Amino acid sequence: MADYDAIVLGAGAAGLMCAGVAGQRGKRVLVIDHADRPGKKILISGGGRCNFTNTGTVPDRFISANPHFARSALARYTPADFTELVEAYGIAWHEKTLGQLFCDGSARQIVDLLMAEGAKGGVEVALGEPITAVDHADGRYRVTFGDRTASAPALVIATGGPSIPKMGATGFAYDLARRFGLRVVEPRPALVPLTLGGDEVLFRELSGVATEVVAIAGKAAFREAALFTHHGLSGPAILQVSSYWRHGQPIAIDFLPGRTPGWLKQLKRDTPRTTVARTLTAALPERLAAVLGERLALSGTLADLTDARLAAAEARLSHWAFHPNGTQGFAKAEVTVGGISTAELSSKTMEGRRVPGLYAIGEAVDVTGWLGGYNFQWAWASGFAAGEAI
Ligand code: FDA
């Protein structure tokens with residue numbers, strides 16, 4: 001049996017970050033992953049260019065049963081810290097939009113950076129072996145993988161969440177956490193397309209149509225593009241609200257964001273001979289304008305319509321209710337909302353409050369970021385916090 005100071009389960013974003021930090025502090029670290037390559041999700045992230053952080057990172061861009069939990073780790077390892085590391089490796093980057101930083105080249109550069117940081121700290125990485133047993137006795141964790149067993153006083157759960165199972169994602173983190181008595185907040189697919197059924201199935205005919213909207217679920221609202229698909233709704237605005245959406249709830253879409261209330265009444269005064277259909281066609285993609293116009297069923301010129309009817313149309317256009325019948329599930333979800341309960345962990349070190357030596361980081365934990373580089377920032381920050389502590 002080989003002895004280490006820490007064993008990290010999962011060679012993804014959080015696990016590799018944690019291992020590199022601990023290794024460079026002089027700790028003997030082993031990382032184990034059942035995949036044959038490290039950082040597979042990093043490789044496909046950001047369309048292959050990895051949206052590695054977001055300069056607008058603040059705690060309220062993360063969803064968790066305890067919204068304050070992420071605060072400490074995020075403050076101690078910031079987007080500027082990771083960007084500095086990226087620059088130290090000569091990786092060129094650019095800001096795309098809304099503070100989202102991407103590699104100019106390839107996401108592989110980020111995986112190479114993490115592996116190089118690990119190598120600097122003498123981190124050992126064991127790939128392609130399933131983990132067959134994890135035990136805890138006499139203050140040490142013992143992990144069996146393939147035909148080897150390793151032991152350490154610290155064990156870090158960094159196996160992520162179950163989104164995109166065909167890439168090897170599993171619910172392993174939750175099973176392991178439960179075995180050690182840690183609670184798990186019910187995991188749900190997030191940053192995921194929503195599906196439409198019933199009457200709203202007709203909107204699927206708009207498949208391929210995209211437009212800028214404000215999408216609203218409860219108190220959360222995002223102004224970005226929405227996209228109609230064969231299954232229902234997608235695009236950044238919809239992915240963002242999906243993280244807040246619960247089965248049975250409606251979502252609302254403002255199809256004409258930024259208009260001053262009363263604009264349709266004003267338009268009637270300014271151009272009384274125009275029609276609602278023409279107004280929609282001028283502002284929206286043609287096919288969408290046609291479907292919305294049909295459903296509003298307001299024929300004739302604006303002058304023919306009462307102010308009350310125009311006010312009702314305006315209200316509907318700015319708060320068009322959709323009733324998703326589900327999501328496209330973990331198969332299509334970028335991340336998972338829920339996970340190992342933050343109530344079980346120290347927000348400073350990510351160590352189990354009741355289980356000394358057991359740490360959980362990254363997506364496995366009940367902290368989920370918005371779309372746009374926030375999830376990697378959480379992986380870096382939580383990985384750094386644990387790497388400093390073990
Ligand atoms: P991560 O999933 O990275 O790593 C977990 C590791 O554990 C994997 O290597 C896996 O093989 C391993 N593992 C799982 N089960 C195991 C088991 N039973 N035994 C052994 N090993 C096991 N975020 C962002 O900020 N910017 C972006 O651009 C994107 N883009 C993006 C695109 C797509 C398509 C997806 C699916 C996701 C994103 N994300 C993203 C989200 C981001 O990828 C995610 O939040 C982080 O990778 C989470 O890092 P972790 O290290 O926690 O898990």
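Note that the structure is predicted; figures quoted are calculated from it, not measured. All ligand and atom numbering here is 1-based and tracks the order in the structure. Quick note: residue numbers are just sequence positions, from 1.
For Asp138, the CG atom is loosely surrounded, since the number of other residues' heavy atoms within 6.0 Å does not exceed 12. The neighbour count for His230 NE2, taken as heavy atoms of other residues, nucleotides or ligands under 6.0 Å away, does not exceed 12.
Note: Phe376 and Trp380 have parallel aromatic rings, judged against thresholds of 30 and 60 degrees for the angle between ring planes.
Side-chain contact annotation: Trp93 with Glu87, donor-acceptor N/O pair under 3.5 Å present.
Contact residues of ligand 1 (protein heavy atom closer than 4.0 angstrom to a ligand atom; sorted by chain and number): Gly10, Ala11, Gly12, Ala13, Ala14, Asp33, His34, Ala35, Lys41, Ile44, Ser45, Gly46, Asn51, Ile131, Ala158, Thr159, Gly160, Ile164, Gly168, Thr170, Phe172, Glu334, Val335, Gly362, Glu363, Gly373, Tyr374, Asn375, Phe376.
Across all non-hydrogen atoms, the minimal contact from Ala19 to Val29 is CB-CG1, 3.8 Å.
Screening Arg28, Arg25, Arg140, Lys27 against Asp5 for a salt bridge (Lys or Arg N to Asp or Glu O under 4.0 Å) leaves a single residue, Arg28.
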